[in-house]
Protein chains: 2
Amino acid sequence: MACENETAVVLREAGQKVTPQRVHILCAIRHSGVHITASQLIEELRTSHPFVDASTVYRTLASAADLGLVYETDMGSGESEFEWVGKDRHHHLICRTCGDVTSLDNSYLDGVATLLYEEAGFQADLGHFAIFGVCKSCQAKA
Amino acid sequence: MACENETAVVLREAGQKVTPQRVHILCAIRHSGVHITASQLIEELRTSHPFVDASTVYRTLASAADLGLVYETDMGSGESEFEWVGKDRHHHLICRTCGDVTSLDNSYLDGVATLLYEEAGFQADLGHFAIFGVCKSCQAKA
DNA sequence: GATGCAGATGCAACCACTTGCATTTGCACC
DNA sequence: GGTGCAAATGCAAGTGGTTGCATCTGCATC
């Protein structure tokens, strides 16, 4: 699979050892649509690669998040969701009422990041953000 | 203690039963500086009111957060931190390198909330926000 | 191809938190 | 001051995630 070779290259460039477990875990994230929770990932790996331990999955996800290969977002459900870092940086609007998640272009928060850097010297990591609130249709219902 | 009477009134107005456990838990949050983790709270209650169960603490915190009496913030350490909702709405800048937490005035994100409402119809709940990044002094060290 | 070693893995124990359920209790109503 | 009931509590068992440690393995070097 081309994806696996590609993932191996990404890992090696990041200074990580290329193990079958890591390649499988990262490929699973890349192939699994936009978001995936850690437990969904473990469930999926259980069928395709039953020899991968849960702790390995969590450790791999944590190191991949540190390296900027994946985003880790707390969606408010208590479970973190993971997403492969693509070209497009974006944010999420999460409705507290219906749980719906919509994507949001990066431009909204660029100004905030600049302001924070200028005024507080704080280099904000606004690459991927979860904003909670109430969506349009739920407001209409209320 | 005046605080306890006041807390009882807040609870009753919110439609909650006023139990000694709830009053103790909420008073402990009010008295314990800015942030407190659930486990610190349980530890503190263990000495002052040893009859309060951990599950009661978590349930009380969850319902208080729902009612808007306290803020619950994931500080990235895996443990949620709780804070009594005062007059001043503010945000937190959390340094990924040294773990330092600084407060940030609400004004920075007001514009974003307005923009989101006008363009996406999304009523963002930006009352209390955790922004991750790298602080000034850690940038200087790097 | 053999060797050494840092880093990765698997296992099991552990911690933070949640949930189901029987019991208790605040409080509204009489 | 009783009584009834919904809501809160305590207990215990369960779940999701983390950590310590012994073992294993990718990979650089010879």
Side-chain angles (χ1 to χ4, degrees), chain A residues 4-5 7-29 35-46 49-67 69-70 72-82, chain B residues 4-5 7-29 35-46 48-67 69-70 72-82 99:
Chain A
E4 300 199 352
N5 292 329
T7 305
V9 171
V10 171
L11 274 174
R12 193 162 299 141
E13 280 176 357
Q16 301 271 301
K17 282 190 184 174
V18 179
T19 67
Q21 288 93 333
R22 304 203 149 194
V23 174
H24 290 140
I25 292 166
L26 296 180
C27 280
I29 295 181
H35 297 118
I36 187 167
T37 65
S39 48
Q40 285 172 340
L41 197 57
I42 289 167
E43 189 59 35
E44 193 176 314
L45 288 166
R46 206 194 314 269
H49 307 279
F51 49 84
V52 179
D53 191 73
S55 65
T56 303
V57 175
Y58 287 111
R59 275 188 279 231
T60 301
L61 289 174
S63 76
D66 271 352
L67 292 166
L69 302 180
V70 300
E72 179 183 3
T73 313
D74 177 11
M75 292 295 185
S77 63
E79 285 190 74
S80 288
E81 302 205 0
F82 294 88
Chain B
E4 301 198 351
N5 292 331
T7 305
V9 170
V10 171
L11 273 174
R12 193 161 299 141
E13 280 176 356
Q16 301 273 299
K17 282 190 184 174
V18 179
T19 66
Q21 289 90 336
R22 303 203 150 191
V23 174
H24 290 140
I25 292 165
L26 296 181
C27 279
I29 296 180
H35 296 117
I36 187 166
T37 65
S39 47
Q40 284 171 342
L41 197 58
I42 289 166
E43 188 58 36
E44 194 176 313
L45 289 165
R46 207 194 312 270
S48 55
H49 307 278
F51 49 83
V52 179
D53 191 73
S55 67
T56 302
V57 175
Y58 287 113
R59 274 188 279 229
T60 302
L61 289 173
S63 77
D66 271 352
L67 292 166
L69 302 180
V70 301
E72 179 183 2
T73 314
D74 177 12
M75 293 296 186
S77 64
E79 285 189 74
S80 287
E81 302 205 1
F82 293 89

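Just so we're on the same page: letters track the sequence lines, and every chain starts at 1.
Under the rule for a salt bridge (Lys or Arg N to Asp or Glu O under 4.0 Å), the partners of B:R46 that lie at least two apart in sequence or sit in another chain are B:E43. Contacts of B:D66 classified as side chain to side chain contact (heavy atoms under 4.5 Å, CB included), with partners at least two apart in sequence or in another chain: none.
In plain terms, the two heavy atoms of B:L61 and B:V70 that are nearest each other are O-CG2, 4.0 Å.
Here D:dA7 presents its P atom at 13 Å from CG of B:L67, a figure rounded to the nearest Å. Distance, A:E43 CD to D:dT15 P: 13 Å, rounded to whole Å. As a whole-Å value, the separation of B:E81 CD from C:dC17 C1' is 16 Å. Rounded to whole Å, the distance from CD1 on A:I42 to P on C:dT9 is 14 Å. B:H24 places its NE2 atom 15 Å from the P atom of C:dT25, with the value rounded to the nearest Å. If you measure from atom CG of B:L45 to atom C1' of D:dT9, you get 14 Å, rounded to the nearest angstrom. C:dC17 atom P lies 14 Å from atom CD1 of B:I25, rounded to whole Å. Between the C1' atom of D:dG10 and the CZ atom of B:R46 lies a distance of 15 Å, rounded to the nearest Å.
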Ignoring hydrogens and angles, write down the donor-acceptor pairs under 3.5 Å from the side chains of residues 51-59 of chain A, residues two or more places apart or on other chains.
| unit_1 | atom_1 | unit_2 | atom_2 | d |
| --- | --- | --- | --- | --- |
| A:D53 | OD2 | A:S55 | N | 3.0 |
| A:D53 | OD2 | A:S55 | OG | 2.6 |
| A:S55 | OG | A:R59 | NH2 | 3.2 |

Enumerate, atom names and distances included, each donor-acceptor pair closer than 3.5 Å involving a side-chain atom of residues 14-21 of chain B, sequence neighbours excluded.
| unit_1 | atom_1 | unit_2 | atom_2 | d |
| --- | --- | --- | --- | --- |
| B:Q16 | OE1 | B:R22 | NH1 | 2.2 |
| B:T19 | OG1 | B:R22 | N | 3.3 |

Per-nucleotide protein contact string for nucleotides 23-30 of chain D (B base, S sugar-phosphate only, - none; heavy atom under 4.0 Å): --BBS---
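Proximity of B:R22 to the phosphate of C:dG26: no side-chain N or O atom is located under 4.0 Å from OP1 or OP2. B:Q21 has no side-chain polar atom (N or O) that falls below the 4.0 Å cut-off from OP1 or OP2 of C:dT25.
Put simply, the side chain of B:Q40 gets close to the backbone of B:T37: a donor and an acceptor are under 3.5 Å apart.
Only B:S55, B:Y58, B:R59, listed by number, bring a heavy atom of residues 52-63 of chain B to less than 4.0 angstrom from any atom of DNA chain C.
Distance check: A:S39 OG to A:E44 CD gives 11.5 Å after rounding to the nearest 0.5 Å. Summarising the geometry, atom OG1 belonging to A:T60 is positioned 10.5 Å from atom CZ belonging to A:F82; distances are rounded to the nearest 0.5 Å.
Proximity of B:H24 to B:L45: side-chain heavy atoms (C-beta onward) are separated by under 4.5 Å at one or more points.
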